[in-house]
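The next block holds one structure in the form of structure tokens; read it before the comments.
Bear in mind that the values here come from a model prediction, so they are computed numbers and not experimental data. Along the sequence shown, residues carry numbers from 1. Start at 1 and go down the list; that is how both ligands and their atoms are numbered.
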Amino acid sequence: MTDEKEPIRVGVVGARGRMGQEVCKAVDAADGLDLVAMIDQGDWLFNASDAAAQVVVDFTTPDVVMDNLHWCIEQGINVVVGTSGFTQSRIDRVRAWLKGHPHVGVVIAPNFAVGAVLMMEFAARAARFFESVEIIEQHHPRKLDAPSGTAISTADAIAQARAAAGLGAVPDATKDEVAGARGADLNGIRVHSVRASGLVAHQEVLFGTTGETLTIRHDSYDRVSFMPGVLLAIRSVVERPGLTVGLGNLL
Ligand SMILES: NC(=O)C1=CN([C@@H]2O[C@H](COP(=O)(O)OP(=O)(O)OC[C@H]3O[C@@H](n4cnc5c(N)ncnc54)[C@H](OP(=O)(O)O)[C@@H]3O)[C@@H](O)[C@H]2O)C=CC1
Ligand SMILES: O=C(O)C1=N[C@H](C(=O)O)C[C@H](O)C1
């Protein structure tokens with residue numbers, strides 16, 4: 001008799017995509033994980049339950065991820081979600097679905113790179129010391145959404161930290177603007193989205209106050225940067241019922 005644990009059975013949805021391919025390779029190479037289903041556009045999600053997947057990893061698109069998640073929760077399958085597009089109302093819906101399935105775990109993370117998580121945490125910590133702040137996110141041109149999920153999360157965290165510190169609006173005298181020149185306004189924080197070939201995923205948070213600026217920057221040069229976070233989430237979710245938002249909660 002051995003006390004070795006059975007490997008965790010993992011299905012990947014969006015398996016032929018940029019992230020999905022990398023996740024399949026990482027799961028295949030990881031100790032204690034078994035890649036049992038690779039599902040993409042046109043395939044049945046049932047393949048995941050037929051293969052008795054314990055965890056489904058979703059890197060698809062914001063318009064299909066909610067249906068995938070709902071189906072997995074209904075089947076009692078734990079889910080790790082990297083797909084962007086998670087607004088507060090979506091998160092509330094997932095929480096409501098989970099009420100009927102208290103043993104199921106879901107981890108949703110806007111960014112699985114450890115450096116990006118730290119960049120967001122450092123930015124939230126710095127926020128109260130600077131009257132000015134802008135976010136510049138830069139991605140490959142095939143990205144479907146803008147601003148990125150990471151930028152939206154960062155803006156939320158900064159806005160909360162500013163409100164808690166009693167900071168008012170970011171100073172900005174702009175009166176005459178070509179539409180879009182000042183970026184998108186997320187909770188009072190300007191976010192600029194750059195799309196260019198050669199980029200993978202990058203973000204800068206630029207803070208300013210009298211006589212000084214602080215720039216906090218993170219760069220993912222390769223999608224392997226997300227894999228330690230994805231593997232940690234897979235191993236954690238099977239022992240973590242309920243909803244976890246953000247990789248920072250697992251580090
Ligand atoms: N949280 C994180 O750390 C990260 C998150 N992301 C996010 O992950 C998502 C995917 O990114 P990326 O891999 O670059 O995108 P891709 O477009 O390369 O991959 C998405 C894949 O999902 C497939 N797909 C679409 N609809 C379905 C469906 N209904 N069922 C199964 N598969 C489907 C697509 O197929 P087809 O092309 O044929 O439509 C495609 O193969 C994005 O939202 C991105 O922002 C990306 C990187 C890191
Ligand atoms: O589409 C991408 O590539 C990425 N998407 C996520 C996001 O929207 O923040 C994470 C990372 O930035 C890469």
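- With a 4.0 Å heavy-atom cut-off, ligand 1 is reached by no atom of Ser148.
- Formation of a donor-acceptor pair under 3.5 Å by the Gln54 side chain with backbone atoms of Arg9 is found in this model.
- Protein heavy atom closest to atom 19 (O) of ligand 1, with residue, atom name and distance, is Gly17 CA, 3.3 Å.
- Scanning all protein heavy atoms for the shortest distance to atom 44 (C) of ligand 1 gives Ser84 OG, 3.9 Å.
- Here the closest heavy-atom approach between residue Phe112 and residue Phe226 is recorded as CB-O, 3.5 Å.
- Taking atom 39 (O) of ligand 1 as the reference point, the nearest protein heavy-atom neighbour is Gln41 NE2, 2.9 Å.
- Protein heavy atom closest to atom 16 (P) of ligand 1, with residue, atom name and distance, is Arg18 NH2, 3.6 Å.
- Using a 4.0 Å cut-off to heavy atoms of Gly82, the atoms of ligand 1 that qualify are 1 (N), 2 (C), 4 (C), 5 (C), 6 (N), 7 (C), 8 (O).
- Summary of contacts: the protein heavy atom closest to atom 9 (C) of ligand 1 is Thr60 O, 3.3 Å.
- Under the 4.0 angstrom criterion for non-hydrogen atoms, Gly149 is not in contact with ligand 1.
- Scanning for ring-ring contact (aromatic ring centres under 6.0 Å, His included) contacts around Phe207 gives Phe130, with sequence neighbours left out.
- Contacts with ligand 1 closer than 4.0 Å are made by side-chain heavy atoms of Val13 only, the backbone lying farther away.
- The distance criterion of under 3.5 Å between nitrogen or oxygen atoms is not met by Ile39 with respect to ligand 1.
- Within 4.0 Å of ligand 2, the residues that place a heavy atom are Ser84, Pro110, Asn111, His139, His140, Lys143, Asp145, Ser148, Gly149, Thr150, Ala201, Phe226, listed by chain and number.
- The N/O atoms of Phe226, backbone and side chain alike, include none that comes under 3.5 Å of an N/O atom in ligand 1.
- Distance from atom 23 (C) of ligand 1 to its nearest protein heavy atom, with residue and atom name: Asp40 OD1, 3.4 Å.
- Close approach of ligand 1 to Arg16 (heavy-atom distance below 4.0 Å) involves ligand atoms 41 (O).
- Using a 4.5 Å heavy-atom threshold, the side chains of Asp28 and Lys25 count as separate.
- Close N/O approach between His140 and ligand 1 is not found [any backbone or side-chain N/O within under 3.5 Å].
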>> Show, in sequence, the C-alpha distance, side-chain angles and deciding distance for Val170 and Arg162, and conclude whether the side chain to side chain contact (heavy atoms under 4.5 Å, CB included) test is met.
In response: CA-CA 10 Å; Val170 172; Arg162 287 177 68 91; 3.5 Å; yes

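- The residue from Val64, Val81, Leu45 that puts a heavy atom closest to atom 29 (N) of ligand 1 is Val64.
- Of the protein's heavy atoms, none falls inside 4.0 Å of atom 37 (O) of ligand 1.
- When all heavy atoms of Ile216 and Ala126 are compared, the pair lying nearest together is CD1-CB, 4.4 Å.
- The part of Pro110 lying near ligand 1 is the backbone, judged by heavy-atom distances below 4.0 Å.
- Nearest to atom 46 (C) of ligand 1 among the protein's heavy atoms is Met19 CG, 3.5 Å.
- Between the Asp40 side chain and the Ala15 main chain, a donor and an acceptor come within less than 3.5 Å of each other.
- Counting protein heavy atoms only, atom 8 (O) of ligand 1 is closest to Phe59 CD2, 3.3 Å.
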Show me, pair by pair, the donor-acceptor contacts under 3.5 angstrom made by side chains of residues 97-111, not counting sequence neighbours?
from   : atom 1 : to     : atom 2 : distance (Å)
Asn111 : OD1    : Ala113 : N      : 2.9
Asn111 : ND2    : Thr150 : OG1    : 3.1

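- Of the possible donor and acceptor atoms, none in the side chain of Asp34 sits under 3.5 Å from a partner among the backbone N and O of Val36.
- Partners of Phe129 according to the ring-ring contact (aromatic ring centres under 6.0 Å, His included) rule, which considers only residues two or more places apart in sequence or in another chain, do not exist here.
- Using a 4.0 Å cut-off between heavy atoms, Lys143 contacts ligand 1 through its side chain alone, with no backbone atom that close.
- Side-chain atoms of Glu137 do not come within 3.5 Å of backbone N or O of Ala151 as any donor-acceptor pair.
- Considering all non-hydrogen atoms of both residues, Gly115 and His218 come closest at C-CD2, 3.3 Å.
- By the criterion of side-chain heavy atoms lying less than 4.5 angstrom apart, applied directly or through intervening Ile, Leu, Val, Met, Phe, Trp or Tyr residues, Ile158 is not grouped with Leu167; the two fall into different hydrophobic clusters.
- Counting heavy atoms from C-beta outward, His139 and Leu199 have side chains that stay 4.5 Å or more apart.
- Side chain of Thr60 to backbone of Gly14: no donor-acceptor contact under 3.5 angstrom is found.
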> What do the steps show when you test Gln138 against Arg195 for side chain to side chain contact (heavy atoms under 4.5 Å, CB included), and what is the final call?
Replying inline: CA-CA 6 Å; Gln138 305 183 346; Arg195 298 290 176 263; 5.9 Å; no

